[in-house]
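Chain naming here is simple, since letters A, B, ... match the order of the sequence lines and numbering starts at 1 in each.
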Number of protein chains: 2
Amino acid sequence: MQKAAIEKNNEAIAAQLAPVGRETVQDRVYSELRRALIGGLFEPSQVLTIRGLADALVTSTMPVREALGRLITEKALEALPNRSVRVPPITLERLDDLLRARILIEGEAIALAAARMGPRQIATIETILGEWDEMRALKHKKDVDREVTLNQSFHFEIYRSCGSAVLIPMIESLWLQSGPCIRVAIYAFSEAGEVDTAQYHRRIVTALATQDAQAARESLAADISRPFTFLRSKLQSAAAKDQT
Amino acid sequence: MQKAAIEKNNEAIAAQLAPVGRETVQDRVYSELRRALIGGLFEPSQVLTIRGLADALVTSTMPVREALGRLITEKALEALPNRSVRVPPITLERLDDLLRARILIEGEAIALAAARMGPRQIATIETILGEWDEMRALKHKKDVDREVTLNQSFHFEIYRSCGSAVLIPMIESLWLQSGPCIRVAIYAFSEAGEVDTAQYHRRIVTALATQDAQAARESLAADISRPFTFLRSKLQSAAAKDQT
DNA sequence: TCAAAGCAAGTGTGATCACAAATCAAAATC
DNA sequence: GATTTTGATTTGTGATCACACTTGCTTTGA
């Protein structure tokens with residue numbers, strides 16, 4: 001009986017080979033749309049069509065329509081009574097609503113994470129902080145895409161440590177919903193001068209390193225609030241101008 | 001120019017007619033599956049097939065597959081690597097995770113609602129309480145379906161008053177996720193004797209009537225926790241029995 | 001007798017088509 | 001000239017088909 005020998009050989013092969021993975025087209029479309037949404041590539045109130053997206057992504061309508069359906073249930077997109085879908089418009093109420101929910105849930109997540117993050121995890125987010133500084137030092141021109149990506153990595157690296165399989169998808173949904181708004185704010189930030197995001201992030205890191213859950217929660221709330229309050233005042237002044 | 005006259009006539013007609021609505025088949029399938037899930041009609045770990053559900057619901061596979069996709073993104077269902085979908089199994093960690101999230105989010109919702117509910121809304125939930133008592137008085141046999149429905153109405157009538165378009169879908173998602181677990185607990189409750197749910201609900205109502213947000217939050221937490229802690233101890237003893 | 005190979009039924013995924021509703025622009029009507 | 005009507009195009013929805021993968025059973029070989 002060569003069974004043991006064959007088994008061993010198979011194991012040796014398995015060690016060499018990487019699992020190939022079988023991502024469906026639908027999954028790729030979904031991920032791509034998510035990325036675009038969180039990155040703020042779509043504008044609020046913009047209407048999306050199935051065939052249009054299918055053409056842009058070079059697939060058929062089938063994977064796109066299912067991906068859109070999923071994004072609608074996450075409230076990342078909005079189904080109009082006409083049955084067309086658009087990215088939800090920004091309103092003052094929605095802004096406040098989103099901010100409150102984010103502080104509540106992401107605050108809870110970071111408080112949980114504070115007790116669970118080891119030196120390994122702390123080191124990881126410090127690396128991300130380093131990359132941020134590097135980016136700022138090297139380039140004068142603003143690389144908004146990279147800023148968005150690094151910011152996302154920083155936050156989710158923390159949230160992943162909270163150990164809750166329930167909270168994380170909710171946070172993703174919240175980012176999906178606030179993505180289109182936030183982009184507007186980041187652009188405005190970059191123009192309005194160097195309000196240092198890194199400073200806020202550093203405060204979060206020191207809170208986490210000392211396992212101070214309350215401080216982590218508060219500094220996170222401050223970090224999240226910035227773009228929201230900024231956008232809020234901007235919207236208010238725009239509304240005031242409309243009235244005149 | 002009869003324009004104004006015609007307009008007025010149309011308005012008169014519109015006042016008579018109820019909007020007919022154009023619910024798609026997909027929406028109906030989705031609602032039906034939601035109802036089944038929240039009501040706990042599916043068992044944890046049960047595998048669902050597209051064609052099977054399509055036959056049961058008497059439609060084609062198309063609306064079903066899209067509805068399943070949506071439920072998967074809400075974590076109400078789970079996609080296995082085999083690409084089959086099942087209702088998520090119950091584990092101790094998941095139970096604790098769900099309970100914590102529900103107390104956090106539904107607690108926030110009821111705290112907001114406490115400040116916003118008027119006599120009109122209070123009367124509505126008291127009506128639901130009345131129906132509960134009625135049900136209990138008339139029938140000795142347990143009508144679990146009706147219990148589930150009334151419990152749901154009671155809670156969501158409150159949550160609707162919180163005024164947050166962001167929190168409510170999250171709560172719905174949480175109910176979807178805990179539905180299959182809760183059903184097990186309710187059955188066990190009904191057998192284990194008359195632990196009066198109404199008593200917990202009444203405490204919530206008095207807290208809301210006096211606009212006491214903190215008391216509302218706490219009594220809600222107590223109400224939600226019951227089936228969870230019950231199920232938890234049941235699972236633990238089952239696990240202990242397995243080990244022997 | 002038992003494990004491996006082979007086969008058949010079942011299942012999810014993606015493409016395409018048919019149809020109804022919505023949208024927009026040109027034409028007709030007052 | 002403004003409004004309504006009409007018609008063409010676009011769009012979402014549902015059904016059906018083709019294909020690939022999985023699964024479970026039967027058959028084959030040692």
Assign A:Leu48 to base, sugar-phosphate, or nothing according to its heavy-atom contacts below 4.0 angstrom with the strands shown.
sugar-phosphate

Would you say the side chain of [Y] lies within less than 4.5 Å of the side chain of [X], judging by non-hydrogen atoms?
| X | Y | value |
| --- | --- | --- |
| B:Ile110 | B:Cys162 | no |
| A:Phe156 | A:Ile171 | yes |
| A:Glu131 | A:Arg146 | yes |
| A:Leu57 | A:Arg28 | no |
| B:Tyr30 | B:Pro63 | no |

Give the rounded distance in Å between these two atoms: [atom1] of [X] and [atom2] of [N].
| X | N | atom1 | atom2 | value |
| --- | --- | --- | --- | --- |
| B:Arg70 | D:dT13 | CZ | C1' | 13 Å |
| A:Tyr30 | C:dT13 | OH | P | 15 Å |
| B:Leu80 | C:dG12 | CG | C1' | 13 Å |
| A:Glu78 | D:dG12 | CD | C1' | 17 Å |

Listed pairs, N/O of protein and of nucleotides 14-16 of chain C, under 3.5 Å:
| from | atom 1 | to | atom 2 | distance (Å) |
| --- | --- | --- | --- | --- |
| C:dG14 | OP1 | A:Val25 | N | 2.5 |
| C:dG14 | OP1 | A:Gln26 | N | 3.3 |
| C:dG14 | N7 | B:Arg65 | NH1 | 3.4 |
| C:dG14 | N7 | B:Arg65 | NH2 | 2.7 |
| C:dG14 | O6 | B:Arg65 | NH1 | 3.2 |
| C:dA15 | OP2 | A:Ser60 | N | 3.4 |
| C:dA15 | OP2 | A:Ser60 | OG | 2.2 |
| C:dA15 | O5' | A:Ser60 | OG | 3.4 |

Return the polar atom pairs (N/O with N/O) between nucleotides 20-25 of chain C and the protein under 3.5 Å, or none.
| from | atom 1 | to | atom 2 | distance (Å) |
| --- | --- | --- | --- | --- |
| C:dA22 | OP1 | B:Arg22 | NH2 | 3.3 |
| C:dT23 | OP1 | A:Asn82 | ND2 | 3.2 |

How far does CZ of B:Arg86 sit from CD1 of B:Ile72, to the nearest 0.5 angstrom?
12.0 Å

Stacked cation flag A:Arg34 on A:Trp175, 6.0 angstrom / 45 deg
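Not flagged: A:Arg34 not positioned over aromatic ring of A:Trp175.
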
Tell me whether B:Ser84 contacts the main-chain N or O of B:Leu80 through its side chain, where contact means a donor paired with an acceptor under 3.5 Å.
no

